[in-house]
Amino acid sequence: SNIGYSDYFQYQQENKFWQLMKNKILKYSKLKMSKCLDIGCASGEFLQLMTKDGVLGYGVELSSHAAKLAKKKNLTIYNKKFEDVSFKDCFELITLFDVLEHVESPIQFMKKVNSLLNPNGLVVITTPNLKKFYLNGKQWVGFTSSHEHLYFFTPDTIKRLLGNTGYTLLKVETYDDTYYPSFITHFINKLPTVYYVRGIARSFFIPLNGLLKQLNFGQTLIIYAIKQ
């Protein structure tokens with residue numbers, strides 16, 4: 001099925017975010033990495049990037065079309081729900097990019113993830129940041145990007161979830177193109193392009209952007225934690 005994958009594969013191939021994530025993972029990982037599991041791996045672009053350093057890449061992907069593309073990259077792919085997969089191996093790294101908001105029971109899900117990590121293994125999660133809703137209201141991406149989201153998280157609620165499922169939190173941060181409310185972006189984009197008007201307007205909001213970044217108001221939550 002291609003559900004949820006309109007134009008996604010082209011986006012995956014062009015996505016510089018994966019290299020950013022790999023760099024951060026190497027910073028936070030306490031273990032020498034031999035096996036990595038990406039839950040919701042899509043066409044396997046992130047896993048392929050990790051295997052360039054000799055890491056064995058394992059993925060779980062519900063979309064049969066995406067799973068076929070990932071298998072062509074010499075990855076071990078399970079085309080089924082994570083909850084239904086029986087793994088023989090444990091991993092130094094497990095990643096969940098935009099997955100946790102879709103699962104039926106985040107607590108049980110994260111407990112199973114924990115059981116598959118080696119001691120001090122790293123889990124990395126990205127998920128829409130509910131805190132951004134307070135700035136964007138009904139225009140918040142968590143509401144507009146998918147009708148398949150079952151749970152939403154703030155930095156505080158994701159910390160509680162991980163604390164209750166066997167993890168030590170290393171870092172919570174957020175990622176966004178701009179951290180200020182979407183109405184400011186719409187305002188700037190309606191300004192004329194002559195005489196650098198838009199650039200001048202953006203520079204005016206740089207201090208606000210920096211403050212909101214520090215306060216974790218980015219669109220995407222990024223969480224790094226290790227198994228206790």
Side-chain angles (χ1 to χ4, degrees), residues 1 3-5 8 17-18 21 24-25 28-29 31 33 35-44 46-47 50 57-64 66-67 70 75-131 133 141-143 145-175 219-228:
S1 162
I3 292 174
Y5 284 91
Y8 190 70
F17 185 68
W18 298 140
M21 291 311 305
K24 289 289 187 83
I25 284 164
Y28 286 112
S29 178
L31 302 174
M33 217 170 289
K35 296 187 186 76
C36 164
L37 172 64
D38 187 15
I39 303 170
C41 67
S43 52
F46 172 74
L47 280 175
M50 294 300 296
Y58 295 75
V60 178
E61 177 51 51
L62 270 176
S63 164
S64 56
L75 305 168
T76 302
I77 304 297
Y78 301 90
N79 182 206
K80 55 174 71 176
K81 286 179 70 174
F82 170 68
E83 294 90 332
D84 297 334
V85 182
S86 296
F87 295 90
K88 297 177 182 177
D89 298 285
C90 284
F91 304 90
E92 290 79 32
L93 170 67
I94 299 179
T95 53
L96 296 82
F97 297 120
D98 297 331
V99 168
L100 198 57
E101 63 273 16
H102 296 274
V103 307
E104 294 165 8
S105 174
I107 290 175
Q108 295 306 315
F109 194 94
M110 291 310 301
K111 283 182 176 178
K112 179 169 181 178
V113 169
N114 190 285
S115 73
L116 295 170
L117 280 168
N118 287 321
N120 287 320
L122 179 70
V123 63
V124 180
I125 302 165
T126 67
T127 189
N129 181 15
L130 183 59
K131 199 171 175 181
F133 163 74
V141 70
F143 293 152
S145 66
S146 175
H147 299 296
E148 302 158 6
H149 293 171
L150 303 179
Y151 291 90
F152 297 120
F153 300 91
T154 65
D156 288 337
T157 58
I158 201 81
K159 286 176 189 176
R160 282 204 297 273
L161 172 65
L162 293 174
N164 291 333
T165 49
Y167 300 89
T168 299
L169 185 72
L170 298 179
K171 176 78 172 176
V172 175
E173 59 188 4
T174 63
Y175 179 84
Q219 203 82 268
T220 299
L221 272 173
I222 310 175
I223 304 97
Y224 309 86
I226 57 170
K227 179 174 180 172
Q228 286 178 351

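Owing to the predicted nature of the structure, the values given are computational and were not obtained by experimental measurement.
Under the rule for a side-chain hydrogen bond (donor to acceptor under 3.5 Å, both in side chains), the partners of N118 that lie at least two apart in sequence or sit in another chain are E92. Listed by chain and residue number, F153, T154, R160 satisfy the side chain to side chain contact (heavy atoms under 4.5 Å, CB included) test with T157 (two or more places apart in sequence, or in another chain). Listed by chain and number, the residues in a side-chain hydrogen bond (donor to acceptor under 3.5 Å, both in side chains) with T126 are D98 (sequence neighbours excluded).
Contact record, P155 with V172: CB-CG1, 4.0 Å, taken as the closest heavy-atom pair. Contact between L150 and V103 at its shortest, heavy atoms only, is CD1-O, 3.6 Å. Nearest heavy-atom pair, C41 versus G59, reported as atom, atom and distance to 0.1 Å: SG-CA, 3.8 Å. For F46 against C36, the heavy-atom pair with the smallest separation is CE2-SG, 4.3 Å. In terms of heavy atoms, A70 sits closest to A42 at CB-O, 3.7 Å. When all heavy atoms of E104 and Y151 are compared, the pair lying nearest together is O-OH, 3.2 Å.
Note that CE of M21 is 8.5 Å distant from OG1 of T95, once rounded to the nearest 0.5 Å. How far CD of E101 is from CG of N129: 11.5 Å, rounded to the nearest 0.5 Å. Atom OG of S43 sits about 10.0 Å away from atom CG of L47, to the nearest 0.5 Å. Put simply, CD1 on I158 and CG on L130 are 11.0 Å apart, with the number rounded to the nearest 0.5 Å. Summarising the geometry, atom NZ belonging to K112 is positioned 10.0 Å from atom CD1 belonging to I94; distances are rounded to the nearest 0.5 Å. With rounding to the nearest 0.5 Å, the separation of CG in L116 from OH in Y58 is 12.0 Å.
Panel note: side chain S29, backbone I25; no donor-acceptor pair is recorded below 3.5 Å.
The shortest distance between side-chain heavy atoms of F109 and L161 does not fall below 4.5 Å. Looking only at side-chain heavy atoms (C-beta outward), M33 and M50 come within less than 4.5 Å of each other. Side-chain contact between L122 and L31: absent, with no pair of heavy atoms (C-beta onward) separated by less than 4.5 Å.
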Just list the side-chain donor-acceptor pairs under 3.5 Å for residues 220-228, sequence neighbours left out, or say none.
residue	atom	partner	partner atom	Å
Y224	OH	E173	OE2	2.9
K227	NZ	N114	O	3.0
K227	NZ	L117	O	2.9
Q228	NE2	Y167	O	2.8

Return a table of donor-acceptor pairs under 3.5 angstrom between the side chains of residues 75-84 and protein atoms on other chains or two or more places apart.
residue	atom	partner	partner atom	Å
N79	ND2	E61	O	2.8
N79	ND2	L62	O	3.0

> Would K131 and T174 satisfy side chain to side chain contact (heavy atoms under 4.5 Å, CB included), going step by step from the backbone distance to the final call?
Replying inline: CA-CA 10 Å; K131 199 171 175 181; T174 63; over 6 Å; no

> Going through the checks in order, is the side chain to side chain contact (heavy atoms under 4.5 Å, CB included) test met by M110 and I125?
Replying inline: CA-CA 11 Å; M110 291 310 301; I125 302 165; 3.8 Å; yes

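In summary, the aromatic rings of Y175 and F17 are positioned with their centroids under 6.0 Å apart.
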